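One structure below.
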Amino acid sequence: MINLEELNPEQRTAVTTDERYVLVLAGAGSGKTKVLTTRMAWLIEQGIASPGGILAVTFTNKAAKEMLSRLSLQLPINTRAMWVGTFHGLCNRMLRSHYHDARLPQSFQIMDMQDQLSSIKRVLKLFNIDTEKYPPKEIQSFINNAKEKGARPSDLAPVDPMEAQSIELYHLYQQQCDKEGVVDFPELLLRCYELLRDHPAIREHYQRRFKHILIDEFQDTNNLQYKWLRILAGEQNCIFAVGDDDQSIYSFRGANVGNMEEFARQYAQGNIIRLEQNYRSYNHILHSANALIAENKDRLGKNLWTDRGHGEPLRVNELSTDREEAQWILEEAKSLINEGVDRKEIAVLYRSNAQSRAIEHAFFSAGIPYRVYGGLRFFERQEVKHVLAYLRLINNLDDDNSFLRVVNFPARGIGARTLENLTDAAQKIGCSLALAIGALNGASATKLAQFVGMIMTLKETAKVLTLPDLIQQVIHDTGIETFYQNEREGEERLENLQELVNAAQTFCIEESFESSSALEKVTIAANDDQAFPEQLSALDMFLSYASLEAGDNQAKYGEDAVQLMTVHAAKGLEFKVVFVAGLEEGLFPHENSLKTHGGLEEERRLMYVAITRAKERLYLSGAHERMLYGRSAYTTRSQFLEQIPDEHMKWLCPKTRSYSYSQANRVDTDAWQSAPTTTRKNPFQKGTSNLSSMGSGVQVKDQLFKVGSNVRHAKFGDGVIINLIGQGIEAQALIMFKGVGVKTLALGVAKLEVI
DNA sequence: GAAACGGGCGCCGTC
DNA sequence: CGCCCGTTTC
């Protein structure tokens, strides 16, 4: 049962409005998630919408989960029927249902930014492009910017030869992706948008279904996302957008605050609701934030207030070095913990990930539990990416990125030369690398055939094993396990891989895949859409999950640790105590941002986000001297410290800069170096079966068939044997035919000629 | 073909 | 400083 009494008048107006277009300007800490979830509950309870008729877009997967769990507390409904997720997650879901119309293979794979970059590098290499003149990273951002505007290569008009080449590279890259059946992040959105645009039946179906569209963090949507929302809304559906222009901090990835103004002007017009009462922070904190953000021009305008009282002034300190800054943060955190503050209620925020090192060092040395967010994430670790690459190949053999990642990992004698030949062959035939191995001869072809044979064998296995068992099998059969057992410091990697198996286990339980094999396509229970059922396997779902939710590394349940993260990562979170470190010109605000138009204002919004994370106490700090690129450099004070009124700040050092400051108790470096290293026994059980028979071959009717043998078939043409199953006249061979694919043939029956 | 070595450059933020 | 990439050496 919904209790509207708990809401303030503005919140209540937002929740119960019957206007078609509504823009909620929700300041930091003003109860925006509460409004969104209560709005959904209201729509359902009043019978205005069914759970399946609501589409809600959130900024992170974590926010989506949070929203669903809060909603299920308010109403006893099946939230699984609801479409709540990130733009990317929802687009992925739609594309999986309509892969055919979207011109994608059923098991298309999603590339993260790293994968995309290596894919682009391959294109550049293949076409002999000078990477000095066309740096891969610049091509990457060119392509992504274009996609985020909804532009295909043919939509772009070059202004100079340089740009013409970039457009051509975009074209070639996209051809490569299409051939390999992979999509990058912006492609998920663009493909989905085009799907809706070009297929009236599909478009109208979803327009009929989603009568109510809700969007969180609207200020961080890009142009394409906005177009996607409008096409889904069509001519009748409702859009309820919640955002805060003062917290727009993602313009570097195409976010456009202009969407808010546009929406307000074109659609919402009079229906703008401002949530200005802040329930999070005390006045000193809130007024500091207000004063700072007031320096920005062109705001939609709003002023947060609270009735929580003054609280404490901000504690500001400048230390001599970044190490001492970290040490000071540690000491303050330690005494807070001693006073009884939960560790997880303390956050240390910084502008760039590089700053985490010094802070981590201090906490590690002192033995205070901490958790670093961002940086290298679980699904981005090399050992995990290796195993995922095998899984992706099992699902889609044409994924050349994954092929190249693991074809020689662990080392199996397939070198650069061989891969060059293979790439040439694939290019000539116009097929993927795996399909091209039939075109090669000699010893290297045998090795390649064995590799593909292993993949195909695992694929067979995947039909009968559950996902966690399959992953265990991959780790064992591919030799990854042995490799890391012999590798120095390989234990941690093996532990991570075990963690991957566990993650798959949990995933299967949550998604009800416990009793299905990894490859078995199941109609997703969460979908009550009879017109377009989603047929997915556990492997499909898990690989999407690994690509799309790699970022949401939440704290483990019940973990009480100090939280270390970038300001960007802290958006949407709140803590009792917040430290903002590195308040120096060039770092925060960051020098790179000063070069771009509006960059300083975005930095200020970032600082605004940082300040408004704090509920009770806020610390701001900087260092006179900071390590950068391994060198020490002198710094100057951040202008943001000058833009916060003095009345809200308590300086813990003289405000005039002095470089004589020195910390008495220095960090104990020995403790850092002699940190306990975990020496655990191998977590894997041995002796899992290996289905492949890579022995000395099979003799059938005067012909000796071996893995790697080149063979000719009347219908399929030339190919190479990638695996043999069984013996004698009963034996079957898996054969990779050039440009055709893998066929399983009975050697006693098929007319095969060894060549 | 693989491991070991060394030069050069980058760290702003990320679904 | 530490990662990535190209080169050397076995």
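Residue numbers start from 1 in every chain, and the chains themselves are labelled A, B, ... in the order their sequence lines are given, proteins ahead of strands. What you see is a predicted model, and the numbers here were worked out from it, not measured in a lab.
The pair A/Asp115-A/Lys385 counts as a salt bridge, with a side-chain nitrogen and a carboxylate oxygen less than 4.0 angstrom apart. A/Asp184 has a carboxylate O that lies under 4.0 Å from a charged side-chain N of A/Lys147, or vice versa, which qualifies the two as a salt bridge. Checked for salt-bridge contact, A/Glu549 and A/Lys62 miss the test: no charged N lies under 4.0 Å from a carboxylate O. The pair A/Arg253-A/Glu148 does not count as a salt bridge, with every side-chain nitrogen at least 4.0 angstrom from each carboxylate oxygen.
Mapping A/Phe87 and A/Tyr629 onto DNA chain B via the closest heavy atom, the residue that lands nearer the 5' end is A/Tyr629. In this structure, A/Gly413 and A/Phe185 both approach DNA chain B, and ranking their closest nucleotides by distance from the 5' end singles out A/Gly413.
The side chain of A/Asn353 contributes an N or O atom lying less than 4.0 Å from OP1 or OP2 of B/dT14. One finds no side-chain N or O of A/Lys121 lying less than 4.0 angstrom from the OP1 or OP2 phosphate oxygen of C/dC4. For B/dG1, one of the phosphate oxygens OP1 or OP2 lies less than 4.0 angstrom from a side-chain nitrogen or oxygen of A/Thr418. Between A/Asn408 and B/dA2 there is a side-chain N or O to OP1 or OP2 distance below 4.0 Å. Within the 4.0 Å cut-off from OP1 or OP2 of B/dT14, at least one side-chain nitrogen or oxygen of A/Thr566 is found.
Taking atom CZ of A/Arg405 as the reference point, atom C1' of C/dC4 lies 14 Å away to the nearest angstrom. A/Gln382 has its CD atom 11 Å from the P atom of C/dC3, to the nearest Å. Rounded to an integer number of Å, the gap from A/Leu548 CG to B/dC15 C1' is 8 Å. Counting to the nearest Å, the P atom of B/dC15 and the CD atom of A/Gln114 are 12 Å from each other. Across the protein-nucleic acid pair, A/Gln116 atom CD and B/dC15 atom P stand 14 Å apart, rounded to whole Å. Distance A/Lys137 NZ to B/dC9 P: 14 Å, rounded to the nearest Å. Atom CE of A/Met627 is separated from atom C1' of C/dG2 by 12 Å (rounded to the nearest Å). Atom CZ in A/Arg377 sits about 11 Å away from atom P in B/dG13, given to the nearest Å.
Taking atom P on both B/dG13 and C/dC4, the two are 15 Å apart, rounded to the nearest angstrom.
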Problem - Under the 3.5 Å Watson-Crick or G-U criterion, the dot-bracket string of DNA chain B, with | for inter-strand pairs - result: ||||||||||.....

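Annotation: A/Asp130, atom CG; neighbour count of heavy atoms from other residues, nucleotides and ligands within 6.0 Å is above 12.
Figure legend: cation-pi geometry between A/Arg191 and A/Tyr193 absent, as NZ or CZ is not positioned both under 6.0 Å from the six-membered ring centre and within 45° of its axis.
The six-membered or imidazole ring of A/His568 lies near that of A/Phe252, with a centre-to-centre distance under 6.0 Å.
By the 5.5 Å and 30° criteria, A/His88 is not stacked with the base of B/dC15. Both stacking criteria are satisfied for A/Phe252 over the base of B/dG13: a centre-to-centre distance under 5.5 angstrom and an angle between ring planes under 30 degrees.
Backbone-only engagement by A/Arg417 is indicated by non-hydrogen atom pairs under 4.0 Å involving sugar-phosphate atoms exclusively.
Counting only heavy atoms from C-beta on, A/Ala354 has its side chain closest to B/dC11 among B/dC12, B/dC11, B/dT14. Closest contact between the side chain of A/Arg357 and the listed nucleotides C/dG2, B/dG1, B/dT14 involves C/dG2.
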Practice task
In sequence, state the C-alpha distance, the side-chain angles, and the governing distance for A/Glu180 and A/Arg122, and then conclude on salt bridge (charged side-chain N to carboxylate O under 4.0 Å, His left out).
Solution key: CA-CA 13 Å; A/Glu180 296 171 8; A/Arg122 278 167 44 222; 2.4 Å; yes

